[in-house]
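Below is one structure, written out as structure tokens; comments come after it.
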Amino acid sequence: MQDTYDFAAVEAAAQRFWNDSRAFEVTEDPSRPKYYCLSMLPYPSGALHMGHVRNYTIGDAISRHRRMLGYNVLQPMAWDAFGLPAENAAIKNNTAPAKWTYANIEHMRGQLKALGYAIDWSREFATCRPDYYVHEQRMFVRLYKKGLVYRKHALVNWDPVDQTVLANEQVIDGRGWRSGAIVEKREIPQWFLRITAYADELLRELDRLPGWPESVKTMQRNWIGRSEGLEIEFAIENEAPVTVFTTRPDTLFGATFVTIAPEHPLAQKAAAADPRIRAFVEECRRGGVAEAELETQEKKGIETGFHAIHPLTGERLPVWIGNFVLMGYGTGAVMGVPAHDERDWEFATKYDLLIRMVIVSDAVRDAIAELGREVATHADPMAAALGESQPLDVLEAPGALALLEEFERRIVTEGAFTDYGTLVNSGEFDGLDYRGAFDAIAARLEREGKGRRRVNYRLRDWGVSRQRYWGCPIPIIYCARCGVVPVPEEQLPVVLPEDVRFMGVQSPLKADPEWRKCTCPQCGGAAERETDTFDTFMESSWYYARYTSPGAADMVDARANYWLPVDQYIGGIEHAILHLLYFRFYHKLLRDAGLVNCDEPATNLLCQGMVVAETFYRENADGAIDWINPAEVEIERDERARVIGARLKADGRPVSIGPTEKMSKSKNNGVDPQVMVDKYGADTVRLFSLFAAPPEQSLEWNEAGVEGMARFLRRLWREVQQHVGSRESGTVSGERSAVSGESSTAPGSQPSALSPQQKSLRRQIHETIVKVSDDYARRYAFNTAIAALMELFNATARFDDTSATGCALRQEAFEAIVLLLAPITPHICHALWRALGHDDPVHAHPWPQADAAALRKDTVTLAVQVNGKLRGTVEVAADAPREQVEKCALALPEAARYTAVGTVKKVVIVPGKIVNIVVG
RNA sequence: GCCGGUGUGGCGGAAUUGGUAGACGCGACGGACUCAAAAUCCGUUUCUGGCAACAGAGUGUGGGUUCGAUUCCCUCCACCGGCACCA
């Protein structure tokens with residue numbers, strides 16, 4: 001055993017042991033319970049960042065804990081290797097995306113291995129390899145044949161200068177990131193997966209995922225956005241009718257205009273006839289397609305000159321074009337009900353359109369009903385007494401009209417009334433509530449053939465086409481004679497050429513006149529391949545399944561049903577909607593293809609928070625901001641330890657302190673995990689990652705905190721070493737503890753023989769086992785588990801009993817600490833466990849069990865409150881009767897002082913917790 | 001704009017089912033060791049008043065429920081994540 005803690009040697013030795021013994025390679029074993037612990041796979045961006053370290057450290061702690069509990073644990077790793085950054089790097093450095101990506105993978109694999117994760121590396125793969133994506137192409141072809149794939153036109157961001165499609169991320173303030181040109185919307189043909197066919201199941205199954213965070217389920221529910229409403233047809237004078245969808249048919253009589261999308265055929269027609277309208281439609285093309293951009297832009301419109309006929313009143317309503325109506329959503333047209341819709345109200349107010357109230361609030365209805373009752377009492381006392389007055393048939397009642405007019409005036413001047421209420425100004429439907437009006441209006445429109453009930457989803461089909469090179473080729477062939485032909489399965493994969501030269505912004509696939517040339521599988525004539533590639537969400541939607549079946553001829557084989565579903569999935573909250581919805585959708589596709597037999601891919605989900613750090617900056621003379629890395633800065637404090645400033649170490653001059661933000665290149669506040677591992681060791685980095693915050697919260701990286709963790713591990717090493725040294729020197733005989741389960745002469749076997757101090761330490765050991773076990777298994781609260789282990793360690797270090805029993809207790813305490821800490825800091829625990837005299841490796845040792853006898857308490861401490869305010873504590877026997885507890889509490893001098901001045905009204909006793917004396 | 005989340009000492013955080021607010025760590029301060037420094041060890045550390053005993057205040061804001069609220073309900077504010085082509 002070494003005197004001082006040499007983390008580099010300890011970590012290298014442990015990693016060599018795990019590697020040589022293939023400790024974490026697993027196979028299916030029906031005799032043991034399985035546990036599939038999955039962390040989201042990384043994009044190989046070049047270097048590991050702290051977000052990865054956090055994610056994988058959480059997953060590793062969970063995996064190693066489960067392993068010690070006896071589970072057959074699968075923890076795999078792969079590379080989400082297709083994506084935009086590789087193309088950007090290719091343009092910048094003039095290297096092929098493949099070469100860049102593979103080099104990054106090599107480097108990052110080494111970084112992951114240095115962190116000591118218990119990963120089964122034999123299952124590793126990169127998603128950019130043909131033997132991975134061939135399965136994705138085959139699935140696409142099968143889905144095409146099933147009718148779950150289709151092609152349609154959809155809007156993209158178009159950079160008119162670079163002549164290329166831009167990702168939303170590449171549109172900054174409405175301009176292309178490279179060219180600076182104002183981005184336009186452009187419609188191009190694209191491939192879609194019919195996720196909406198699964199919308200209902202994706203929604204319903206959320207209720208059967210108790211292990212997923214409520215917040216994620218709520219976000220997914222809202223994203224799917226199931227709504228029941230009516231499709232209503234508005235006839236247009238001299239033109240084809242326009243169909244709108246509404247969830248508020250009860251407000252139909254309040255419709256005073258119709259708004260259509262700029263891309264709507266009717267809008268196109270209007271634009272052709274009127275240059276002013278053409279200019280407006282043209283203006284609507286400016287800017288990108290991101291929803292956040294569309295929803296925050298100023299609502300604008302123009303009148304088309306067309307008129308719609310209200311389906312029930314026959315009234316002529318003006319047809320407007322609105323920039324907030326989107327062709328891709330619903331029918332591309334909405335009815336304008338300004339009195340009862342926020343957005344329509346704004347639009348009507350801006351363009352001076354009619355606002356007609358057709359719903360009144362319950363408060364107004366009740367007030368009018370009250371007036372009506374008064375009138376009725378005179379006219380027909382009997383009916384009034386029976387409550388038969390029809391509230392809205394009594395508008396003649398004095399004051400009723402005034403109430404209505406006042407309500408309408410408030411709507412017109414202050415804003416729409418969007419709650420449910422009672423119908424007015426709606427002909428035969430007056431007096432009905434929302435539900436009644438919905439049904440009655442639906443019935444009438446259906447009878448007259450002017451509308452139908454419809455369930456609508458906010459969820460749109462998944463557009464999978466990308467006009468990029470570095471992705472999986474879409475296996476489709478276009479033939480002049482046969483049209484669209486999927487590539488036959490036996491001709492797959494369609495291989496993406498990796499040895500390409502990147503010139504400018506265009507995809508090498510599209511630039512190469514040869515690659516696309518092929519023969520039509522149907523007629524044998526000359527044809528062309530699709531040059532678009534898949535959205536990279538495709539690869540990350542089924543990788544979890546591939547891990548279970550390395551080398552399988554199909555996507556997966558029978559092994560998938562041993563491992564799936566994933567027992568614990570861990571990843572960033574930023575994936576709450578898109579990735580996790582596609583992941584669930586794809587699993588259902590696998591199930592319906594007969595490849596797996598469960599309904600959901602993951603039973604438990606943990607979303608970890610971001611890793612953040614302080615930012616520091618200096619403003620240049622020209623107003624530009626230089627962001628300075630926290631590692632280069634020194635903090636200044638006042639006498640109360642408050643931060644008052646910061647200086648650059650290099651020049652000693654002050655820098656400004658910015659907000660604490662997510663680690664990023666742009667704010668230069670990233671901390672390189674590699675630097676931390678080199679300086680402090682993997683165990684210290686892992687320990688800090690789990691200690692500084694609970695997994696779901698954001699984690700603030702702070703190097704002083706890291707040093708604290710290193711200090712703790714050094715102390716642990718030293719104390720265990722001293723304990724082992726004193727034991728070996730013969731001061732005491734080498735006893736084994738109850739914790740490791742290997743002894744019959746443990747202190748636990750004669751509890752009555754223990755001194756109060758010994759009893760107290762032994763209780764703390766076993767209380768810690770209970771608490772830490774719960775923190776691991778139920779709460780994933782590694783921060784509090786570590787805190788409890790630190791407390792136990794501090795108590796053990798202070799415990800200076802040199803008797804044989806004392807030494808045995810120390811052994812018991814250190815064994816507990818090492819076992820309980822092993823999933824978090826596996827390297828040091830691997831070495832210390834050996835030092836404590838064990839031959840089996842700690843990662844394979846059973847998780848410790850608490851001894852119930854050690855937990856037993858004779859007395860309890862109760863807090864004594866007077867009127868809810870703490871005044872002292874009393875110590876009573878654990879089984880003391882209520883009367884005695886009350887007597888002790890009232891006898892407490894601090895309490896008696898208050899009870900003396902007033903009378904005791906009540907004494908609340910919560911057994912084992914508090915006594916609250918209520919004094920009046 | 002819409003959806004979801006968060007807010008507690010100087011800082012990160014704890015308080016698990018409505019029951020002693022501030023565990024654990026960092027920082028700061030005082031002390032020991034040292035020629036000195038680093039490292040290490042011991043102690044103090046929510047704020048206000050007080051020599052002290054002690055008293056009062058306190059979990060983003062304002063209100064409510066309760067014997068008792070960081071925890072439950074309502075209002076407002078600030079910040080963070082997502083918004084379908086970043087991954």
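All chains are named by letter (A, B, ...) in the order of the sequence lines, taking the proteins before the strands, and each is independently numbered beginning at 1. Bear in mind that the values here come from a model prediction, so they are computed numbers and not experimental data.
Not a single donor-acceptor contact under 3.5 angstrom links the side-chain atoms of A/Glu574 to the base of B/C83. A donor-acceptor contact under 3.5 Å is not formed by the side chain of A/Asn222 with the base of B/C3. Donor-acceptor pairing under 3.5 Å, judged by distance alone, is absent between the side chain of A/Arg714 and the base of B/U40.
The nearest whole Å value for the distance from the CZ atom in A/Arg466 to the P atom in B/C86 is 7 Å. Here the C1' atom of nucleotide B/C11 and the CZ atom of A/Phe688 are 11 Å apart, to the nearest Å.
Among the duplex regions that RNA chain B forms, those built from at least three successive Watson-Crick or G-U pairs under 3.5 Å are B:1-7 with B:77-83, B:10-12 with B:24-26, B:27-32 with B:40-45, B:46-49 with B:54-57, B:62-64 with B:72-74, ordered by first number.
By the salt bridge (Lys or Arg N to Asp or Glu O under 4.0 Å) test, A/Lys185 pairs with no residue at all, sequence neighbours left out.
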Identify all side-chain donor-acceptor contacts of residues 688-706 of chain A below 3.5 Å with residues at least two apart in sequence or on another chain.
{"from": "A/Ser689", "atom 1": "OG", "to": "A/Val685", "atom 2": "O", "distance (Å)": "2.8"}
{"from": "A/Asn702", "atom 1": "OD1", "to": "A/Ala704", "atom 2": "N", "distance (Å)": "3.4"}
{"from": "A/Asn702", "atom 1": "OD1", "to": "A/Gly705", "atom 2": "N", "distance (Å)": "2.7"}
{"from": "A/Glu703", "atom 1": "OE2", "to": "A/Lys679", "atom 2": "NZ", "distance (Å)": "2.7"}
{"from": "A/Glu703", "atom 1": "OE2", "to": "A/Tyr680", "atom 2": "OH", "distance (Å)": "2.7"}

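Interface residues of residues 287-296 of chain A facing RNA chain B, ordered by number: A/Ala290, A/Glu291, A/Ala292, A/Glu295, A/Thr296; criterion, heavy-atom separation under 4.0 Å.
Each of A/Arg468 and A/Lys913 was matched to the nucleotide of RNA chain B holding its nearest heavy atom; the match closer to the 5' end belongs to A/Lys913.
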Please write out each protein N/O paired with an N/O of nucleotides 55-58 of chain B under 3.5 Å, distance rounded to 0.1 Å.
{"from": "B/A55", "atom 1": "OP1", "to": "A/Tyr898", "atom 2": "OH", "distance (Å)": "3.4"}
{"from": "B/G56", "atom 1": "OP2", "to": "A/Arg871", "atom 2": "NH1", "distance (Å)": "3.4"}
{"from": "B/A57", "atom 1": "OP2", "to": "A/Lys869", "atom 2": "NZ", "distance (Å)": "2.9"}

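Sorted by first and then second residue, the pairs that involve residues 460-469 of chain A and meet side-chain hydrogen bond (donor to acceptor under 3.5 Å, both in side chains), not counting sequence neighbours, are A/Tyr150-A/Asp461, A/Thr196-A/Asp461, A/Tyr329-A/Arg460, A/Trp462-A/Asp535, A/Arg466-A/Asp535, A/Gln467-A/Asp532.
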